[in-house]
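Every chain is numbered from 1 and lettered A, B, ... according to where its sequence line falls, protein lines coming before strand lines. If you're wondering where the values come from, they're calculated on a predicted model, not measured in any experiment.
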Amino acid sequence: MKLRISHIEKTYSTNETGRRLRIINDLSLEIEGSELVCLVGPSGCGKSTLLRLIAGLEQPDSGDIQVDGQPIDGPHADRGMIFQDYALFPWRSVQKNVEFGLEIRGVPARDRGGVTAKLIHMVGLAGFENRFPHQLSGGMRQRVAIARALAADPKVILMDEPFASLDSQVRKQMQHELLRILQEARKTIVFVTHSVEEAVYLGDRVVVLTGRPARIKADYRLDLPRPRDPLDERFIAFRRLVLGLLERPDPVAG
Amino acid sequence: MLDQTPFTTAEPAPKAPATPTLPPRVWPIGSPVGALTVIWQRASRNGEARFIRSLLSVIGFTLFWQLASNTGVFGIFPVDAMNLFLPSPLTVARTFKELFTQSQYLSHILTSLYRVMFGFSLAAVIGVTAGVLIVSSKVAEDILQPFIRLLQPIPGVAWVPLAIVWFGLGDRAAIFIITVGALWPTLLATIQGLREVDHNLVNAALTLGATRRQIFEKVTVPSIVPHLVTGFRLSMGFGWRAVLAAEMVGVSSGLGYMLTLGRGVGRTDITLATMVSIGCIMLITDAFIFGTLDRKTSNWRPKREERRKANDEIAN
Ligand SMILES: Nc1ncnc2c1ncn2[C@@H]1O[C@H](COP(=O)(O)OP(=O)(O)OP(=O)(O)O)[C@@H](O)[C@H]1O
Ligand SMILES: [Mg+2]
């Protein structure tokens with residue numbers, strides 16, 4: 001798998017002045033193989049916009065995004081997305097939510113069970129197949145969303161602050177689970193987060209973005225052994241480094 | 001004081017001198033009041049108390065009515081006139097029984113039912129179709145909007161004279177009036193439902209590989225179902241109102257006709273028995289059909305705060 005973002009630019013028109021607001025400015029990024037890439041950046045810098053562009057939910061003004069050499073046009077099952085507020089279908093049970101991608105692809109009902117059972121087990125929801133989203137806790141809902149994304153068998157999974165609305169206890173647990181699930185599923189993940197600690201805990205790579213318009217400020221590869229210890233010296237040093245980058249004013253865009 | 005450590009375990013508060021508490025005063029179980037108290041307490045525990053309260057209220061009202069009817073509203077009116085002005089519940093119940101053995105009465109019920117179902121179905125089809133058109137096309141919206149604005153405030157009853165001129169005194173006039181009367185709630189619910197489809201769910205479906213058509217089938221349609229249940233429910237009520245009005249004014253059959261018939265021949269008991277039937281029929285359709293559907297689909301709606309959040313995100 002190879003995701004290649006080259007020189008993309010994105011602007012939005014602001015309704016008051018009609019002036020166009022530049023959100024992403026000449027951003028290029030390459031992601032290869034099954035790695036977990038964390039994106040951090042100041043609030044409002046365009047992280048979600050970047051994910052939506054990769055997902056194909058929006059188009060860049062210029063530049064292009066390729067998956068395995070194919071330029072993307074619009075959303076596709078090869079780029080799954082996990083949303084902060086889960087976006088589960090409230091009228092579908094856990095089982096039916098997870099099945100969605102298979103159903104869409106026309107897999108006959110009797111052949112879906114095997115795949116979904118495995119995934120539901122993997123995210124630790126065995127026994128909850130017939131529950132509905134409103135009967136689940138936030139953490140459980142996010143697990144369903146993860147299983148649902150995996151069931152569609154995407155090449156890349158895009159996660160937009162997936163754990164932000166969970167309390168810190170559940171959040172820790174979910175980070176742990178995510179790593180465990182990924183070890184089994186081996187997928188490429190682009191993970192947006194507000195939290196530097198989360199990025200350093202999870203990431204194989206940590207990409208720091210500048211304030212709006214977003215460009216890449218730094219791109220680190222992290223080879224801290226797992227499971228990572230947030231009190232480990234190198235962990236703390238790295239966290240401090242990224243935090244410093246976020247606080248330092250950006251060089252003025254040319 | 002200085003040698004005290006910052007951490008101390010709190011001493012348990014000294015107990016207040018124990019005063020012997022009297023057992024709550026209860027009526028002896030054997031007495032009627034005592035028995036009732038026990039029944040009441042048990043019912044409260046089982047959550048039946050509220051039902052019993054409502055039941056008692058209905059029984060009390062019926063007794064009061066019976067008494068008022070028997071005494072000429074406590075001596076204000078001559079007792080003889082009560083058969084016309086206020087037949088007693090017993091009389092009404094007897095009439096009810098009598099009516100139910102007459103095929104004529106049953107056929108009036110069926111006639112009204114048939115009209116409401118027919119008119120309601122038409123209204124549902126037209127309302128949903130027009131709603132879909134309006135939301136999916138600006139042109140359609142501009143063309144239809146003025147008529148909706150203008151016609152929607154007109155109650156179904158107001159269409160009666162025109163309907164009689166157009167369709168004569170029969171089923172077709174009644175069905176027309178029901179359709180026009182019942183159209184609006186369904187139409188408005190469809191429009192609102194379609195506008196409130198959660199953007200996030202559409203995006204989720206897109207990133208799972210859904211086509212436009214699949215999004216319509218698997219996201220849009222289920223999203224608007226709860227709205228439709230509410231819309232249909234209101235439409236059905238409007239339909240009943242319209243059919244009764246039509247039958248009272250011109251179309252000489254159905255339950256509305258029975259209401260006026262009772263008055264015309266001085267049989268107020270027939271009118272009252274008919275009113276009770278109408279109430280029962282409407283209650284049964286509403287509670288059993290729509291109530292059940294509503295409970296089944298209530299969790300399909302995004303919670304209000306989640307919807308607000310989603311809208312905020314779009315607005316940002
Ligand atoms: N559809 C839109 N129309 C106009 N402006 C938009 C639109 N979507 C986003 N923006 C603007 O683009 C900027 C970046 O938004 P984006 O949601 O990508 O930021 P973000 O980095 O994800 O922020 P946060 O950290 O708060 O999630 C914001 O200033 C936002 O107001
Ligand atoms: Mg965001």
Practice prompt. Determine the option with the most heavy-atom pairs under 4.5 angstrom with chain A, choosing from B/Val225, B/Leu201, B/Thr211.
Written response: B/Leu201
Worksheet entry | Contact origin within B/Thr297 toward chain A - heavy atom pairs under 4.5 Å | neither
Worksheet item: What part of A/Ile82 lies closer than 4.5 angstrom to a heavy atom of chain B: side chain, backbone, both or neither?
Response: neither
Worksheet entry | Flag if over 12 foreign heavy atoms under 6.0 Å of CZ, B/Phe51 | no
Practice prompt. Please look at A/Ala145 and chain B and tell me whether the side chain, the backbone, both or neither of the residue comes under 4.5 angstrom of a heavy atom of that chain.
Written response: neither
Fill in: Least distance between heavy atoms, A/Ile104 atom then B/Gln214 atom
O-NE2, 2.9 Å
Response to the item:
Heavy-atom closest pair (B/Val219 atom, A/Trp91 atom, distance to 0.1 Å) is O-CH2, 3.6 Å
Fill in: Non-hydrogen side-chain atoms of B/Asn203 and A/Phe83 separated by less than 4.5 Å
yes
Practice prompt. First locate atom CH2 of B/Trp300, then atom CZ of A/Arg92, and finally report the distance between them rounded to the nearest 0.5 Å.
Written response: 10.0 Å
Worksheet, complete the sentence: Tightest non-hydrogen contact, residues A/Ala87 and B/Asn200, listed as CB-O, 3.9 Å
Worksheet item: To the nearest 0.5 Å, what is the distance between CD (A/Glu99) and CG (B/Leu208)?
Response: 12.5 Å
Item to complete: With the side chain counted from C-beta on, respond yes when B/Lys218 and A/Phe100 share a heavy-atom pair under 4.5 Å apart, and no when they do not.
Response: yes
